[in-house]
Amino acid sequence: MRLLVCTLASSLLVGHAAILAADHTSLQPIGAVASVARTAQGLRLQCADGASVTLSVLAPDLVRVRTLFAGQTAALDHSWAIARTEWPKTPFTVQENADAVTLGTGELHVVIRRAPLLIEFRDAATGRVLNADARPMARDAKTGAVGAAKKLGFDEHFYGLGEKAARLDKRRGKFTMWNSDTPGYVEGTDPIYQSIPLYLGLEHGVAYGLFYDNAWRSTFEFGHLTQESANYTADGGELDYYFIAGPALKKVVSRYTELTGRMPLPPLWSLGHQQSRYSYYPDKLVEHIADKYRAHDLPLDVIHLDIHYMDGYRVFTWDKTRFPDPAGLARSLSAKGVRLITIVDPGVKFQPEGGYPVYDEGAEKDYYLRQTDGTVYVGEVWPGKSVFVDYTKEEARRWWGDWHRTLTDAGIAGIWTDMNEPADFLDPTGKRHEHIRFDDLGQRTPYNGMRNTFALNMARATYEGLQRLQPDRRPFVITRAGYAGIQRYAVKWTGDNNATFASLSLNVPMFASLGLSGQPFIGADIPGFIGRGDGELLARSYQIAAFSPFFRNHTAIDSYDKEPWRFGAYYEGIARKFIKLRYQLLPFLYTTMEEAHRTGVPLFRPLVLNFQEDENTATIDDQFMVGDALLAAPVTRAAQREREVYLPAGNWFDFWTGAPVEGGRTHVVPAPLDHLPLYVRAGSIIPSTVAMSHTGEKPWDPLRFDIYPDASGAATGSLYEDDGLTSAHERGVFRRTAVSFSGGRLTLHSEGSHRTPARHFEIVLHGDRTVSAVIANGQSLASAHWSRTAKGALTVRIADDGQPLSLEFR
Ligand code: MIG
């Protein structure tokens with residue numbers, strides 16, 4: 001008994017120490033408002049204790065709150081996360097009374113109570129409180145920790161936080177932001193690779209966003225222990241946050257990505273299927289893998305070269321024995337429609353004895369991270385002793401970017417940045433790095449405030465380097481770690497997952513959360529990096545991956561080979577079916593990615609993003625949507641052969657059979673191993689084409705549109721096309737086709753100057769039983785051009801001459 005008490009007490013103590021920084025109540029609250037001044041963008045509050053709070057209206061639904069506590073000196077008004085700093089002048093009003101000051105915009109009323117200082121955000125139209133301080137903002141003058149506590153709604157759901165090995169709804173959870181190399185993470189491992197201090201709250205259909213722009217280690221608690229407040233604390237830095245008003249979740253994501261930047265339009269090939277292993281070598285094996293893919297009729301666009309292509313893990317070198325002629329390899333693969341991506345690690349081999357120009361140049365130019373005592377920090381990664389670049393220095397970023405010439409000159413199509421938390425074998429937690437200082441625009445910011453931005457700036461150096469080296473190509477960069485804004489430069493994969501069903505079941509919540517956090521281009525290693533996995537896992541894994549933008553099979557150095565054919569013909573066949581489906585759906589997927597690029601709204605969506613009024617969807621994270629049109633209900637458990645599927649209200653169609661399915665209820669549906677329950681929302685028009693061996697094999701011909709009319713007989717869709725490779729789309733060289741169907745008439749109307757090759761449209765009208773004539777641009781279409789299946793799908797074939805098309809079904 002005694003022993004038990006002791007153990008309990010000590011574990012409580014340990015627990016207490018660990019949560020100290022997160023305990024908002026131990027911080028000293030900001031003083032009451034002493035005076036209020038109007039500024040060009042909003043308000044500046046002076047507090048009785050010397051603190052000040054600046055509220056800036058950037059848009060009617062976007063307000064920044066930046067606080068400087070008593071005794072705190074302001075850092076430069078600069079953030080590595082923020083993409084947009086200039087905002088058009090937004091009109092606002094100020095109303096004062098004895099108790100409060102109210103800053104009003106067309107969408108928000110920010111009510112500031114003077115004593116104690118409490119901030120409340122209200123919907124300007126309804127007066128409803130969207131979010132409010134539970135306690136005054138606070139800071140610990142000794143440690144420099146800052147914090148905020150917001151009232152927690154009893155029915156509130158919390159989303160976002162970027163990459164967390166957790167369910168979609170973060171309510172009652174507690175999460176830390178500290179980029180960490182966590183191979184084999186499981187649900188609940190926290191933190192993992194990325195830190196995005198953004199969350200979205202949703203209560204009774206109304207959403208808002210809160211982005212705490214502070215890269216220090218921070219903690220978010222969504223009513224972890226009590227139901228009173230949602231707490232935020234950071235170990236240092238400023239309390240500097242952005243409030244984004246909804247009410248639509250989509251609007252919040254869109255604003256957040258306007259602020260922190262959106263994903264650039266990716267090259268089309270990057271949506272193709274990719275194969276990796278740690279590591280493929282020599283070059284002959286790489287050729288063999290490409291040949292196997294073609295021989296097995298499995299589509300493939302990319303092969304990845306992991307760390308063994310380098311000479312002794314020296315970044316920007318080639319192992320001359322394993323890869324004597326990288327450019328020759330790239331050329332030969334290119335003839336097969338396969339591109340190469342190489343991994344690039346941040347650790348530069350510490351080689352002071354000379355003979356390694358990368359090390360020498362960086363040392364000479366003083367680009368490596370130094371410690372407070374002036375010495376360069378030497379850690380240990382793959383090359384052994386290694387140094388790390390200070391990517392906050394513009395010159396260093398440029399230099400790093402330019403070194404990619406050694407790869408692009410060899411025909412490498414994309415760069416995979418790994419280990420950028422940054423990982424260090426000497427101490428994965430970063431404790432040993434404490435004395436490092438980043439230049440950070442001359443501010444000499446401590447490591448603890450910068451670690452989370454390391455990957456962001458490395459990705460930026462890489463992306464901008466590729467842009468300079470190949471100005472006519474869209475850069476393609478992959479990253480493991482990141483901070484807010486990472487989507488501007490890199491695609492995110494979820495690191496070293498396990499080849500287990502438990503790990504697979506994290507795909508949907510993780511991808512959905514990343515999408516809500518501004519990162520639409522995401523994916524996980526298929527069927528899982530660590531461990532063997534089996535054919536069943538491979539099949540189920542491809543059923544999700546076919547719809548995740550980054551579509552890569554990968555495996556660990558000591559894990560079983562995982563190319564689809566390694567599992568035998570039966571499982572390979574299932575993988576093939578879903579890889580081919582992916583290529584058939586490329587017109588739809590590319591169009592939806594272009595939407596994500598333009599608006600920030602992701603392709604891979606939790607149901608709640610499309611149906612936030614439907615309370616049933618709030619916590620669903622074992623189903624997902626692809627854009628607005630498709631709903632998938634994957635199986636993520638071994639031996640499971642049927643499952644429940646919730647379809648929100650409205651009509652739906654079974655994707656595979658075209659049969660109508662009733663919405664607004666839960667169905668129990670069969671899910672044999674080769675089957676993914678997949679549904680189309682009535683009212684959608686989905687563009688697709690034929691399967692192909694790689695994205696560049698042939699044009700999208702025929703280009704097919706499947707029309708799924710809603711209850712009123714209407715449907716809409718769109719198709720985005722361009723050259724898939726260059727930046728010409730920025731100059732209007734694209735073709736965007738609006739497709740709409742109502743009253744039995746389909747119209748297609750294109751804009752933009754991109755010319756698609758002569759081809760055919762195949763138009764499929766689902767659920768039809770009655771049409772007896774088809775009229776194209778006023779002329780009756782000979783019946784040879786159309787046909788109907790027994791299931792009621794009417795197919796019309798017609799030439800696409802690039803001109804507007806109107807089809808009447810009578
Ligand atoms: O410590 O480059 O997550 O995908 O294969 C392992 C070797 C380093 C971790 C990456 C993984 C990659 C591996 N890397």
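Both counts, for ligands and for their atoms, begin at 1 and track the order of listing. Nothing fancy with the numbering, it's 1 onward along the sequence.
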J.: Please tell me if the side chains of Arg437 and Pro446 come closer than 4.5 Å, counting only heavy atoms from C-beta onward.
T.: yes
J.: Record the part of Trp416 in heavy-atom contact with ligand 1 below 4.0 Å; permitted values are side chain, backbone, both and neither.
T.: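 For Trp416, only side-chain atoms sit under 4.0 Å from ligand 1.
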J.: For Gln487 and Thr260, does a side-chain donor sit closer than 3.5 Å to a side-chain acceptor?
T.: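 Thr260 and Gln487 do have a side-chain donor-acceptor pair below 3.5 Å.
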J.: Give the ring-plane orientation class for Tyr377 versus His433, where under 30° counts as parallel, over 60° as perpendicular and anything between as tilted.
T.: perpendicular
J.: Identify the residue among Trp403, Phe388, Tyr391, Trp399 that makes a ring pair (Phe, Tyr, Trp, His ring centres under 6.0 Å) with Tyr367.
T.: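 So the option named by the test is Trp399.
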J.: Considering only heavy atoms of Asp496, which atoms of ligand 1 have at least one such atom less than 4.0 Å away?
T.: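 Result: 3 (O), 4 (O), 9 (C), 10 (C), 11 (C).
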J.: Pairs of nitrogen or oxygen atoms closer than 3.5 Å, one from Asp181 and one from ligand 1: do any exist?
T.: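 No, there is no polar N/O contact under 3.5 Å.
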J.: For atom 5 (O) of ligand 1, what's the nearest protein heavy atom and its distance?
T.: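 In this structure, atom 5 (O) of ligand 1 has Asp306 OD2, 2.5 Å as its nearest protein heavy atom.
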J.: Distance under 4.0 Å to a non-hydrogen atom of Ile343: what atoms of ligand 1 satisfy this?
T.: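 Atoms satisfying the 4.0 Å criterion: 2 (O).
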J.: Return the closest protein heavy atom for atom 6 (C) of ligand 1 as residue, atom name and distance.
T.: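 Of every protein heavy atom, Trp382 CZ2, 3.4 Å lies nearest to atom 6 (C) of ligand 1.
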J.: Which residue supplies the protein heavy atom nearest to atom 14 (N) of ligand 1, what is that atom called, and how far is it?
T.: Asp418 OD2, 2.7 Å
J.: Based purely on interatomic distance, does Tyr278 place a nitrogen or oxygen under 3.5 Å from a nitrogen or oxygen of ligand 1?
T.: no
J.: Would you mind listing which atoms of ligand 1 come within a distance below 4.0 Å of any non-hydrogen atom of Met419?
T.: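 Those atoms are 1 (O), 8 (C).
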J.: Examine the side chains of Arg339 and Gln274 and answer whether a donor and an acceptor come within less than 3.5 Å of each other.
T.: no
J.: Think Arg322 forms a cation-pi with Tyr281, using NZ or CZ under 6.0 Å from the six-ring centre and within 45 degrees of its axis?
T.: yes
J.: Check ligand 1 against Arg480 and write out every atom of the ligand that is under 4.0 Å from a heavy-atom position of the residue.
T.: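 The atoms of ligand 1 under 4.0 Å from a heavy atom of Arg480 are 3 (O), 9 (C), 10 (C).
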J.: Hey, is Trp493 touching ligand 1 through its side chain, its backbone, both or neither, going by heavy atoms under 4.0 Å?
T.: side chain
J.: Do any nitrogen or oxygen atoms of His554 come within less than 3.5 Å of a nitrogen or oxygen of ligand 1?
T.: yes
J.: Taking the six-membered ring for Trp and the single ring otherwise, decide whether the centroids of Trp416 and His304 are under 6.0 Å apart.
T.: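 For Trp416 and His304, the ring centres are under 6.0 Å apart.
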J.: Without hydrogens or angle criteria, can the side chains of Trp216 and Asn452 be said to hold a donor-acceptor pair below 3.5 Å?
T.: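 Looking only at side-chain atoms, Asn452 and Trp216 do not form any donor-acceptor pair under 3.5 Å.
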J.: Would you tell me whether His273 and Tyr542 have side-chain atoms, one donor and one acceptor, within less than 3.5 Å of each other?
T.: yes
J.: Taking 4.0 angstrom as the limit and counting only heavy atoms of Ile307, give me the atoms of ligand 1 inside it, by number and element.
T.: 2 (O)
